[in-house]
Every structure is written in C-alpha cells, then in structure tokens.
Amino acid sequence: MAKWTPKHEAPEPLEGPVVATITGGTILWFVLFLVQLPFYGWFDDHGHTWWVWTCLAGAGLGLIGIWYVRGRDAAIKRDAAARTSTE
C-alpha cells in the first residue's frame with residue numbers, strides 16, 4: 001500500500017481576537033453563575049445544583065484561559081518584533 005502524501009501545503013492557522021473571545025466567555029460563565037445563585041434552593045430541591053457549580057467552574061477555568069492566552073499573545077508579539085528587528 002502506498003503512503004499518502006499531501007499535494008499542497010496546509011494553510012496557516014486562522015488567528016482572531018483570542019483574548020477578547022476567552023474574556024467574553026469567562027464573563028458569560030460568571031454572569032450565568034450570578035443569575036442562577038438566587039435560585040439555588042430550587043436547584044437543590046430538584047437535584048440540579050451541578051448547573052450552578054458548572055458555571056462557577058467555567059468562570060474559574062476561564063480565568064486560567066485568560067492568563068494563558070494573554071501570555072501566548074505577548075509571546076507571538078515578541079517573536080514578531082524579534083523577527084523584524086533581525087531582518
């Protein structure tokens with residue numbers, strides 16, 4: 001069986017406003033947590049408290065995501081600046 005080889009190079013990955021996207025998602029998770037908090041008793045009565053804690057976990061993980069993508073964005077900018085200064 002012959003090995004498959006691509007006929008063309010893969011395109012560059014798309015870059016978008018990653019920091020803004022992650023920040024917006026984190027804010028959304030936290031707002032969902034705050035909206036559900038007054039109804040905690042109802043969620044507890046029906047066995048759905050995991051909905052509330054899922055929103056809080058999403059906000060917490062989003063904070064880690066913001067830290068990560070800000071560092072990634074800064075590293076990309078540093079690399080681009082280093083490449084232009086050496087050329």
Side-chain angles (χ1 to χ4, degrees):
M1 188 178 236
K3 182 178 176 185
W4 180 81
T5 56
K7 295 184 178 115
H8 52 81
E9 289 186 30
E12 289 291 319
L14 296 175
E15 289 291 332
V18 181
V19 176
T21 302
I22 301 300
T23 303
T26 302
I27 291 170
L28 181 63
W29 278 114
F30 190 67
V31 167
L32 288 171
F33 170 72
L34 292 177
V35 167
Q36 291 179 356
L37 206 53
F39 304 101
Y40 187 83
W42 183 89
F43 287 113
D44 192 30
D45 292 343
H46 292 86
H48 295 302
T49 55
W50 64 271
W51 288 7
V52 177
W53 302 120
T54 298
C55 293
L56 185 60
L61 290 172
L63 292 174
I64 295 170
I66 291 170
W67 170 76
Y68 178 81
V69 296
R70 287 186 70 202
R72 178 184 176 270
D73 193 41
I76 289 171
K77 288 179 181 175
R78 278 193 312 269
D79 182 59
R83 287 177 189 244
T84 57
S85 67
T86 58
E87 291 177 0

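Hydrogens, waters and symmetry mates are skipped; everything else that's a heavy atom, side chains included, is used.
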Do [X] and [Y] belong to the same hydrophobic cluster, where Ile, Leu, Val, Met, Phe, Trp and Tyr are linked whenever their side-chain heavy atoms lie under 4.5 Å apart, directly or via other members?
| X | Y | answer |
| --- | --- | --- |
| Trp53 | Leu37 | yes |
| Phe43 | Phe30 | yes |
| Trp67 | Ile22 | yes |
| Leu34 | Trp50 | yes |
| Phe39 | Leu56 | yes |

Mind listing the closest non-hydrogen atom pair of [X] and [Y] along with its distance?
| X | Y | answer |
| --- | --- | --- |
| Thr49 | Asp44 | CG2-CA, 3.4 Å |
| Val19 | Arg70 | CG1-CG, 3.9 Å |
| Trp29 | Ala59 | CB-N, 3.6 Å |
| Arg72 | Val18 | NH1-CG2, 4.5 Å |

Using the six-membered ring wherever Trp is involved, compare the ring planes of His48 and Trp42 and label them parallel, tilted or perpendicular (cut-offs 30° and 60°).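 Parallel.
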Between CG on residue Leu63 and OG1 on residue Thr23, distance to nearest 0.5 Å: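 These two atoms lie 9.5 Å from each other.
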For the atom pair CG (Leu32) and CD1 (Ile27), what is the distance rounded to the nearest 0.5 Å?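 These two atoms lie 12.0 Å from each other.
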If you count heavy atoms of other groups shown closer than 6.0 angstrom to OH of Tyr40, is the number above 12?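 More than 12 heavy atoms, drawn from other residues, nucleotides or ligands, come within 6.0 Å of this atom.
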Test: Lys77 and Glu15 ion pair at under 4.0 Å: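 The answer is no: the pair does not qualify as a salt bridge.
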